[in-house]
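Ligands are counted one by one from 1 in listed order, and the atoms in each one are counted from 1 as well.
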Amino acid sequence: MKSFQILVTLILLINIAVYSEAQNSLIINIPNRDTISLNGRWKYIVDPYENGYYNYRYQPIDQQENASQVSEAIFNDYHPINKSERVEYDFDLSGELNVPGSWNFQDDKLFYYEGNIWYRKKFDCITTHNGNRVFIYFGAVNYETHVYLNGKKLGMHLGGFTPFNFEITSFIKEKDNSLVVKVDNKRKKEGVPTLNTDWFNYGGITRDVALIDVPSSFIKDYCIQLKKGSISQIEGYVNLDGTNAAEKITVEIPELKLKKEFIADKTGHALIQFSIDNAVLWTPETPKLYQVNISSSESQVTDQIGLRTIETKGADLLLNGKSIFLRGICSHEENSIRGDRAWSIDDAQLILLRAKELNCNFIRLAHYPHNENIIREAEKMGIMVWEEIPVYWTIDWANEATYKNAEAQLSDMVKRDINRANVIIWSVANETPVSDARTSFLTKLISKARELDNTRLISAALEKHTVSENPPVFAIEDPFAQYVDVLSFNQYLGWYDGLPEKCTRSKWIIKFDKPVIISEFGGDAKYGYHADKDTRWSEEFQEELFIRNLEMLDKITQLRGITPWILTDFRSPRRLLPGIQDGWNRKGVFSESGEKKKAFFILQDFYNKKLKVFESKE
Ligand code: GCU
């Protein structure tokens, strides 16, 4: 590896090591905590040359001794105090952007902008110093983020789709705090995701920002779930932050008249185990959530938690011991009406109500962890969820920093949503080319996922293998398939491989005694473009494609779920056909403005039938 590459990797590893420390202290269950929202209008400065971060020798200013004295450094939010001073930026005179929101759709000049932008938010904090601690929390910022408060560097974060927080107790002032956030969404070979994806690279602070006010010793994260394979044993943990003494932890479920006490060790970690009976289990039909109160000497959090078990038995997928079929759909994190990243409860409702109309009980949130609002709304609506990390296509497998980044994204996704009953599958990859480096990368991720959570199923969206072209016979011959609980693969027969009629001639050889999920199939259609079924891009072609694919796939004996690609047309800079795509991937069964294409009704009908079949089995 050339000396410059070694240097870049080294800087990245140091950055990850030094600043991801902050990451270990991810605080969960933000929706139920005392928070002050910092959403709203933020000042911004577009700085493509990162002039406010690097000196003219291209050395990071914030790593210089006198960093806070360097007026050129935009993170200092410096204002000249006398007329002769030279400062070449000024947030007060700069434009504003909405947070949450990508910058791409708020300023036409930034539509395709991939680069560096500085955000600044001024705020007062009256709650300071009532002995409490204060953290700044970001739901997600795409992609590389450096955060400063009153000129002090808090830390950095890599990855556009997972939350992070920094403690600011010792840096916060009562009045006029200057929070400066450097955001760079440039795509990178060593990134996760890497250079090439089929979705729009929205840049900016795309989810909620909040101040979190907690006692000096507080409940940071926890897991209260049914033990694997048991409907009567709760097993989990509670982690305190800020304690150095064995503390009593109480877990209470008032509706079940349950109150249990545990002792945390000196590090603040408590193992939680207790039996439970006659609990109503969470199912799509009855998405029962219990109020759970967790308290320690100073801190108390409340959450709404569902109890269920999810397992496989041979090719069967068992929810609470009962065989289920996943009537699913894939979705990106986009409000197609607004044409921007989705983040709010309303955005979640827009997406989930469309899935409900299809009669779905399952949704694959592709290809990265979506916002917490959609997970929690889906849980209330009885929709099971597949979550994944953006280990997508050709990742830099041999790069240790890339692995660390992917693993950190996995850990944060699991930590944030480990108490969500509707999340049943963690997926570690999508359509990744088979190689030893790749398989060992993914195998390490799987063992990390199992270490973090042994109650859920692990999968990855694999690719098909062509056994023969004539007659068309396909199989899954991926060495990684042996490590997953659920065998999932994407296949595009009739779109990228032949025409819809090929489905009818095709055979599948699936040797695995595991549940099979078809994690993608489909084809593009422009809503309102009508022609005969052989005319590509027409609704009739897509309709025929769905008919033939569903017929073919339904013959796979291990089939226990499908998530066609995709719920709604979505933005992609790879889709350029004028008059048809115009920057949109048109594989939705809904158009971006919410119109139903003919394929919608084919899929809805297929699910109504599936539902009847599985209901009759009960
Ligand atoms: C791939 C990929 C998706 C992509 C889709 C398509 O399989 O996983 O991200 O959008 O195919 O080509 O439309």
Side-chain angles (χ1 to χ4, degrees), residues 142 160-161 187 191-202 328-334 336 341-342 351 363-370 386-395 406 425 427-434 438 442 459-466 474 476 478 480 484 486-500 503 516-527 536-537 539 541-542 545-546 549 553 561-577 580-592 597 599 603:
N142 193 40
F161 307 103
R187 288 169 289 120
V192 181
T194 182
L195 291 165
N196 193 14
T197 74
D198 190 27
W199 68 80
F200 195 95
N201 184 24
Y202 293 97
I329 192 80
C330 291
S331 179
H332 266 295
E333 185 186 45
E334 207 171 69
S336 65
R341 270 271 170 252
I351 293 169
I363 191 163
R364 174 188 173 195
L365 300 177
H367 289 293
Y368 36 77
H370 288 210
W386 155 310
E387 282 205 73
E388 66 187 83
I389 51 174
V391 174
Y392 180 96
W393 290 350
T394 49
I395 293 287
I425 297 175
S427 174
V428 295
N430 179 74
E431 291 187 355
T432 50
V434 175
R438 166 264 193 183
L442 298 187
S459 193
L462 305 180
E463 294 179 293
K464 71 179 194 329
H465 174 76
T466 303
F474 304 101
I476 304 303
D478 186 325
F480 185 61
V484 295
V486 174
L487 183 74
S488 310
F489 56 91
N490 301 351
Q491 64 81 31
Y492 279 89
L493 275 172
W495 184 256
Y496 292 124
D497 182 346
L499 293 170
C503 295
V516 165
I517 294 179
I518 309 301
S519 36
E520 287 182 36
F521 75 85
D524 291 56
K526 169 82 174 162
Y527 174 75
R536 211 175 265 266
W537 314 110
E539 287 196 42
F541 186 105
Q542 189 191 41
L545 187 71
F546 268 66
N549 266 277
L553 298 170
I562 56 172
T563 52
W565 191 259
I566 186 165
L567 182 66
T568 302
D569 292 356
F570 64 95
R571 288 190 188 279
S572 168
R574 300 175 73 243
R575 308 298 171 173
L576 308 168
L577 185 59
I580 297 277
Q581 294 178 316
D582 299 314
W584 294 83
N585 182 311
R586 296 278 180 209
K587 294 190 178 68
V589 292
F590 282 89
S591 70
E592 72 274 24
K597 302 177 190 176
L603 188 58

side-chain hydrogen bond (donor to acceptor under 3.5 Å, both in side chains) partners of Y492, counting only residues at least two apart: E520

Set of residues satisfying side-chain hydrogen bond (donor to acceptor under 3.5 Å, both in side chains) with respect to H367, sequence neighbours excluded: R364, E388

Partner residues of E539 under the salt bridge (Lys or Arg N to Asp or Glu O under 4.0 Å) criterion, sequence neighbours left out: none

Test applied, side chain to side chain contact (heavy atoms under 4.5 Å, CB included); reference residue, F200; option that passes from H332, R341, R571: R571

Proximity of F590 and Y527 rings by center, below 6.0 Å: no

Residues S459 and S488: side-chain donor-acceptor under 3.5 angstrom: yes

Neighbouring residues of ligand 1, heavy-atom cut-off under 4.0 Å: D198, H367, Y392, N430, E431, N490, Y492, Y496, E520, W565, F570, R575, N585, K587

